[in-house]
Chemist: 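One structure coming up, written as structure tokens, with questions to follow.
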There are 2 protein chains.
Amino acid sequence: MNLLGPTPESETSPEDKGLLSDQIRRALADEIATGRLKPGTALDEQQIATRFGASRTPVREALRQLDVSGLVEIRPRRGVIVALMTPERIMDMFETTAEVEAMCVRLATYRITPAERSHLQGLHEESADMVAASDLNAYDEFNRVFHEAIYRCTHNQFMAEQAIGIRARLAVFRRTQLRHGDRIVKSHEEHGEILRQMARGDGGEAARCMRAHMLNASGALTSYIRMLNDSDPLA
Amino acid sequence: MNLLGPTPESETSPEDKGLLSDQIRRALADEIATGRLKPGTALDEQQIATRFGASRTPVREALRQLDVSGLVEIRPRRGVIVALMTPERIMDMFETTAEVEAMCVRLATYRITPAERSHLQGLHEESADMVAASDLNAYDEFNRVFHEAIYRCTHNQFMAEQAIGIRARLAVFRRTQLRHGDRIVKSHEEHGEILRQMARGDGGEAARCMRAHMLNASGALTSYIRMLNDSDPLA
DNA sequence: GATCAATTCTCCGTATACAATACCACGGTT
DNA sequence: AACCGTGGTATTGTATACGGAGAATTGATC
């Protein structure tokens, strides 16, 4: 199941419909993903309930679901906190993402349709404007769309869902990554190289490019991780 | 009404470990994984609650968590059912598992320690007895242990967790797979080949062997999937 | 006889109340 | 003075109650 919304196509407005517990879950997931809630932060059920104008029950359900997806940690009878991430764990997650992305792009290379290929190419070319303008937020969103489009080209919905789930959990770290240097320019170039290898039909090489792309991104993270750790005595 | 019957007298399990909702979640997850609860089965909250001698609240929490991990499907206001799997989705899941296992074994090949290597080899040799005895249940359990041991050799805990999670969701299908023909013998041989490639340090080849190993297993599933679908009008 | 609509009915989603447990502070004892 | 034990408090875990949304059934009309 996808954390950030039940079914992407039926996502008209996040507020009007759906379960209260779902709204709370999405809101908390977003706050954790964007970093507004930092790892280690204690999440008081009653406090969150009053904040959302609800009772504890839907809040509890939301927290339990976030626990399963790994965004929060529940210590029985001891409360729930935003999931702590040691530097090792973050690096593990990043490596996993890199491998999963490589896996996806390899399959996608073999299965992509001409229509999908041109769509992907179109997305890439549109992103050039954001790079030129150094519009980090726009590029961040494009990045998600671009990578998820690749997932779909595997024509394996389950794999795509797994990839999206893992990616969502790294969103908070990825966001800061583009802030560093000319990462955005490099990222765009790497996307182009990946598309080129896909066009050649060389899945293995496309996978290697993707892995390198993801690890390049992760390299820019080291400093951020240290910063997080220094400011967080619990980690 | 099921095997784990109510038996009102045995209200306190010998192992009263922690949260009631956790116990219920584990119990339901096990029943789904083992196939005692078939896909499409409606899960009535009140009914489950009385069966466990609890109220609806912990049952609801358990079901919500199972939803996130994909074992059940919740249609708001329409009830919760054991997750339906179309043949396409099952094949998607199997392919994903195959790729993930291949990914793990590749990394494991590069990072395994001598101690881990001998442990893995020991496991493999012990399993020869089960093969000779055609002890399917024992081999099924060994299989899990063996593959999870490989995950750990990646020295990437997050990746190992992901792999375990995906594997757990396919447990019900994998269980039936060994029943077919001499799959158990082939499986043992394939394990040996994987270990040989790992010993050679050829991660790419080990990954290819693992992928083939997993897809061989999935091939034996086709008939089972059709059977499932025929007996299940909801799918 | 068939179809549509309204009513009822069952189950879910949320709220509130109660019980159990972990943390903390305070005091007594060694 | 330090340590252990006991009691209080706050927060979690569980139970129950209530309102509402779907779905099914039945009746009326065409």
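Just so it is clear: chains get the letters A, B, ... in the order the sequence lines come, proteins before strands, and each one is counted from 1.
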Chemist: For A:Ser55 and for B:Leu43, locate the closest nucleotide of DNA chain C by heavy-atom distance; then report the residue assigned to the nucleotide nearer the 5' terminus.
Modeler: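 Going by which nucleotide is closer to the 5' end, it is B:Leu43.
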Chemist: Is there a side-chain contact between A:Ser21 and the phosphate of C:dG13, meaning an N or O under 4.0 Å from OP1 or OP2?
Modeler: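 So the side chain of A:Ser21 is outside the cut-off, no N or O lying under 4.0 Å from OP1 or OP2 of C:dG13.
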Chemist: What about B:Arg56, does its side chain sit under 3.5 Å from the base of C:dG13 through a donor-acceptor pair?
Modeler: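 When only heavy-atom distances are counted, B:Arg56 does reach the base of C:dG13 through a donor-acceptor pair under 3.5 Å.
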Chemist: Go through C:dC23, D:dT12, D:dA15 for me and flag the one nearest to the A:Asp44 side chain.
Modeler: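 Given the options C:dC23, D:dT12, D:dA15, the side chain of A:Asp44 is closest to D:dT12.
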Chemist: Can you name the one residue among B:Arg211, B:His147, B:Arg106 that meets side-chain hydrogen bond (donor to acceptor under 3.5 Å, both in side chains) with B:Glu101?
Modeler: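 Going through the options one by one, the only one that passes is B:His147.
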Chemist: In whole angstrom, what separates A:Gln23's CD from C:dG13's P?
Modeler: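 The distance from CD of A:Gln23 to P of C:dG13 comes to 14 Å, rounded to the nearest Å.
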Chemist: B:Arg75 CZ to D:dA23 C1': how many Å, rounded?
Modeler: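 Atom-to-atom, B:Arg75 to D:dA23, this comes out as 12 Å.
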Chemist: Using heavy-atom distances to pick each residue's nearest nucleotide on DNA chain C, tell me which of B:Thr57 and B:Glu45 is more 5'.
Modeler: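 Residue closer to the 5' terminus by nearest nucleotide: B:Glu45.
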Chemist: Expressed in angstrom and rounded to an integer, what is the separation of A:Ile81 atom CD1 from D:dT11 atom C1'?
Modeler: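 For the pair A:Ile81 CD1 and D:dT11 C1', the rounded distance is 15 Å.
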Chemist: When the distance from CG of B:Asp22 to P of D:dT14 is rounded to whole Å, what number comes out?
Modeler: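 After rounding, the reported distance stands at 8 Å.
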Chemist: Can you tell me how far P of C:dT21 sits from CG of B:Leu20, to the nearest Å?
Modeler: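 Rounded to whole Å, this separation is 13 Å.
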Chemist: Given D:dG22, C:dT14, D:dG13, which nucleotide is nearest the side-chain atoms of B:Arg60?
Modeler: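 Within the option list, the nearest is C:dT14.
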Chemist: How many Å lie between CZ on A:Arg77 and C1' on C:dT21, as a whole number?
Modeler: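 In whole Å, C:dT21 C1' and A:Arg77 CZ are 6 Å from each other.
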Chemist: Expressed as a whole number of angstroms, how long is the span from B:Gln46:CD to C:dG13:P?
Modeler: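 Rounded to the whole Å, the gap is 14 Å.
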Chemist: Do side-chain atoms of B:Asp92 reach the backbone of A:Asn156 as a donor and acceptor pair under 3.5 angstrom?
Modeler: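 Checked: no pair found.
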Chemist: Let's see if you can work this out: which of D:dG22, D:dA15, D:dG13 has an atom nearest to the side-chain heavy atoms of B:Pro58?
Modeler: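 Looking only at side-chain atoms, B:Pro58 lies closest to D:dA15.
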Chemist: Taking atom types as modelled, is there a side-chain donor on A:Tyr139 or A:Ser187 under 3.5 Å from an acceptor on the other?
Modeler: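 Yes, A:Ser187 and A:Tyr139 have a side-chain donor paired with an acceptor closer than 3.5 Å.
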Chemist: Ignoring hydrogens, what is the shortest heavy-atom contact between A:Ala42 and A:Ile81? Give both atom names and the distance.
Modeler: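 In terms of heavy atoms, the two residues are closest at CA-CG2, 3.9 Å.
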Chemist: Whether B:Arg78 contacts D:dA23 is assessed here as follows: a side-chain N or O lying under 4.0 Å from the phosphate OP1 or OP2. Is that the case?
Modeler: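 Yes, within the criterion.
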Chemist: On the 0 to 90° scale, with breaks at 30° and 60°, tag the B:His213-B:His191 ring pair as parallel, tilted or perpendicular.
Modeler: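 It falls in the perpendicular class, over 60°.
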Chemist: Are any of A:Arg64's side-chain N or O atoms less than 4.0 Å away from OP1 or OP2 of D:dG13?
Modeler: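 Affirmative; the distance criterion is met.
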Chemist: Round to a whole Å and report the spacing from CD of A:Glu61 to C1' of D:dG13.
Modeler: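 Value for this atom pair: 14 Å.
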